[in-house]
Amino acid sequence: MTDYRGPRGTYDVYPGGREPHERPELWILVEEAARDLFARYNYSEIRTPIFEEARLFARTAGEGSDIVVQKEMFSFRDKGEREMALRPEGTPGAVRAYIEHNLYKLAQPIKLFYIGPMFRQERQQKGRYRQHTQIGAEALGTNDPLVDVEVISLLYAIHQAVGVKDEVVYLNNLGDMETRQAYVPELRAYLQRHSGELDPDSVARMQTNPLRTFDSKHEGTQAVLAEAPRITSYLSEDASEHLATVREGLEALGIPYEIDDGLVRGLDYYTMTVFEAKSSSLGAQDTVGAGGRYNGLISDLGGPDLGGIGFGTGVERMLLAAASRETGHSLDVFFVTLAPEARIPAVKLAGALREEGIASDLDYGGRGMRAQFKQADRTGASYAVILGEDELARGVVTVRDMSSGAESVVPVAEGAKDLILAVSG
RNA sequence: GUGGCCGUAGCUCAGUUGGCAGAGCAUCGGAUUGUGGCUCCGAAGGUCGCGGGUUCGAGCCCCGUCGGUCACCCCA
């Protein structure tokens with residue numbers, strides 16, 4: 001046993017992995033499904049560094065200057081004494097790149113997607129790792145509510161393609177500046193009147209960011225919030241029209257959703273539309289994917305005053321919440337060599353098949369015939385191609401159909417052409 | 001960072017009041033000298049997480065430590 005282990009809160013993806021998110025074939029499935037959908041929705045890939053200056057994330061995360069500690073960001077100091085951080089989410093990097101490369105000067109919206117690792121420095125629990133992977137999309141440069149509809153439907157489509165079970169999409173609108181100016185003082189005043197029944201964290205948040213008290217798990221706090229004034233009653237005309245259009249669009253597409261007027265999300269930059277997809281087949285961390293509109297973020301980061309909206313969804317959580325499925329990788333041909341002299345000819349034939357796109361493998365253990373057939377069976381090979389002394393002498397191979405057991409003899413003295421035909425059906 | 005639970009073969013797990021380290025699956029070989037799945041036989045595989053203590057004797061009891069897991073915090 002080695003003394004080395006993967007770092008705390010990380011995991012490996014490897015053949016035969018126990019958990020769904022440890023199995024390479026499921027990752028391929030998710031990534032291919034997502035890329036296919038991004039292409040169909042006309043989103044282009046963006047790749048940004050997995051670390052950035054910490055202040056970029058601090059800027060977007062909001063809620064005070066001790067944010068780096070508070071949010072458990074994976075930060076470090078580089079050799080030039082710069083405060084850096086492994087990215088906790090995809091949006092800030094994408095928006096930074098959008099501004100840095102002047103993408104706002106092109107025809108809008110710019111529709112981007114990314115797939116990559118994100119980091120958080122904390123103890124793990126079910127569906128939560130220090131390094132995890134998010135698939136995300138950002139539609140930048142427009143306030144059109146129909147883009148909100150597109151982004152939400154794209155998230156939903158990815159979850160459907162992956163097979164996420166028991167999913168519910170919750171929707172809310174946090175309003176614009178006008179809405180918050182009207183609502184926040186009302187909420188704060190209400191909480192103030194009931195501060196005796198709140199947990200200490202919520203009492204503190206009542207001042208800094210009263211919206212976030214909705215996220216508290218404290219029973220007393222939740223009881224107070226059940227009667228609290230709702231943002232939906234304070235929406236400006238703009239916000240309320242926006243919400244109505246988003247709902248209309250979702251209904252036109254037949255996307256099931258529920259309004260949750262207590263849904264606030266943790267990031268300060270959200271405005272207007274916010275949404276969250278949850279699955280009851282997860283544990284305490286039941287959010288599979290989430291996102292929202294961030295109309296102030298691009299200008300906050302030094303860009304023009306344009307809106308944007310995006311989502312992020314966790315690959316590990318999608319796989320945890322997905323129905324289990326059979327994905328045994330399948331091989332087309334396995335070569336069974338029954339004599340040492342057959343090994344080089346087998347290598348040559350396998351090479352020829354591989355060039356034709358036919359997945360082929362052979363025994364490298366010099367093992368007995370029985371073991372080789374067992375391996376052919378286990379790898380899911382459609383055909384076993386047998387090279388023994390008889391075959392070598394006659395310039396042929398025996399092709400065995402592994403499911404029916406039927407065998408045929410195929411000449412190979414003139415090359416692999418006949419063998420390619422025999423195993424292509 | 002805090003707390004509950006758990007660390008025994010590659011995997012899943014038994015292991016009695018402290019008394020020779022076990023099973024199933026997987027692996028390898030054989031039954032079947034040119035044929036996989038089913039069956040049978042056999043082999044290999046162990047720092048019982050690690051360190052210390054108690055004891056004639058510790059997988060088991062005690063202390064510490066490391067790791068895993070779930071929850072809290074936080075939620076990106």
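So that the names make sense, note that chain A is the first sequence line, chain B the second, and so on, each numbered from 1.
Counting only heavy atoms from C-beta on, A:Arg212 has its side chain closest to B:C75 among B:C75, B:C74, B:C28. Comparing B:C73, B:G37, B:A31 by their closest approach to the side chain of A:Glu122 singles out B:C73. Closest contact between the side chain of A:Ala284 and the listed nucleotides B:C11, B:A71, B:C75 involves B:A71. Among B:U35, B:C75, B:U12, the nucleotide with an atom closest to any side-chain atom of A:Arg120 is B:C75. Nearest to the side-chain atoms of A:Arg370 among the listed nucleotides B:C28, B:U35, B:A31 stands B:A31.
For A:Phe113 and A:Tyr43, the distance between ring centers is not under 6.0 angstrom.
For the P atoms, the distance linking B:C62 with B:U55 amounts to 16 Å, nearest Å. Distance check on atom P: B:G15 versus B:G22 gives 15 Å, rounded to whole Å. For the P atoms, the distance linking B:U27 with B:G36 amounts to 15 Å, nearest Å. Comparing B:C41 with B:U32, their P atoms are spaced 15 Å from each other, to the whole Å. Here, B:A23 and B:A44 have their P atoms 12 Å apart, quoted to the whole Å. Rounded to a whole angstrom, the distance from the P atom of B:G30 to that of B:G46 is 23 Å. B:G45 and B:U39 have their C1' atoms separated by 24 Å, given to the nearest Å.
Neither side chain, A:Thr10 nor A:Gln131, offers a donor N or O lying under 3.5 Å from an acceptor on the other. Looking only at atom types and distance, the side chain of A:Tyr11 has a donor-acceptor partner in the side chain of A:Glu316 under 3.5 Å away.
Following rounding to the nearest Å, A:Glu407 (CD) and B:G34 (P) show an atom-to-atom distance of 14 Å. Atom CD of A:Gln125 and atom P of B:G1 are 15 Å apart (whole Å). Computed from coordinates, the A:Lys374 NZ to B:G29 C1' distance equals 10 Å when rounded to whole Å. Spacing between atom CZ of A:Phe373 and atom P of B:U32 amounts to 18 Å, rounded to whole angstrom units. When rounded to the nearest whole Å, the span between CE of A:Met369 and P of B:C28 equals 15 Å.
Across all strands shown, the partner of B:G3 is B:C70, judged by Watson-Crick or G-U wobble contacts whose two distances both fall under 3.5 Å.
Classification of the A:Tyr183-A:Tyr234 ring pair by plane angle, with boundaries at 30° and 60°, yields tilted.
Nucleic acid contact for A:Gln285: base, since at least one base atom lies under 4.0 Å from a heavy atom of the residue. Residue contacts for A:Ala376: at a heavy-atom cut-off of 4.0 Å it reaches no nucleic acid atom on any strand shown. Residue A:Glu276 is out of contact with every strand shown, counting any heavy-atom pair closer than 4.0 Å.
Between the side chain of A:Arg128 and the base of B:C75, at least one donor-acceptor pair of N or O atoms lies under 3.5 Å.
Residue-to-nucleotide proximity on RNA chain B shows that, of A:Arg18 and A:Asp201, the 5′-proximal contact is made by A:Arg18. Nearer to the 5' terminus of RNA chain B, by closest-nucleotide assignment, is the contact made by A:Gly283 (compared with the other of A:Gly283 and A:Arg87).
With hydrogens and angles disregarded, no donor-acceptor distance shorter than 3.5 Å links the side chain of A:Arg212 to the backbone of A:Ser202.
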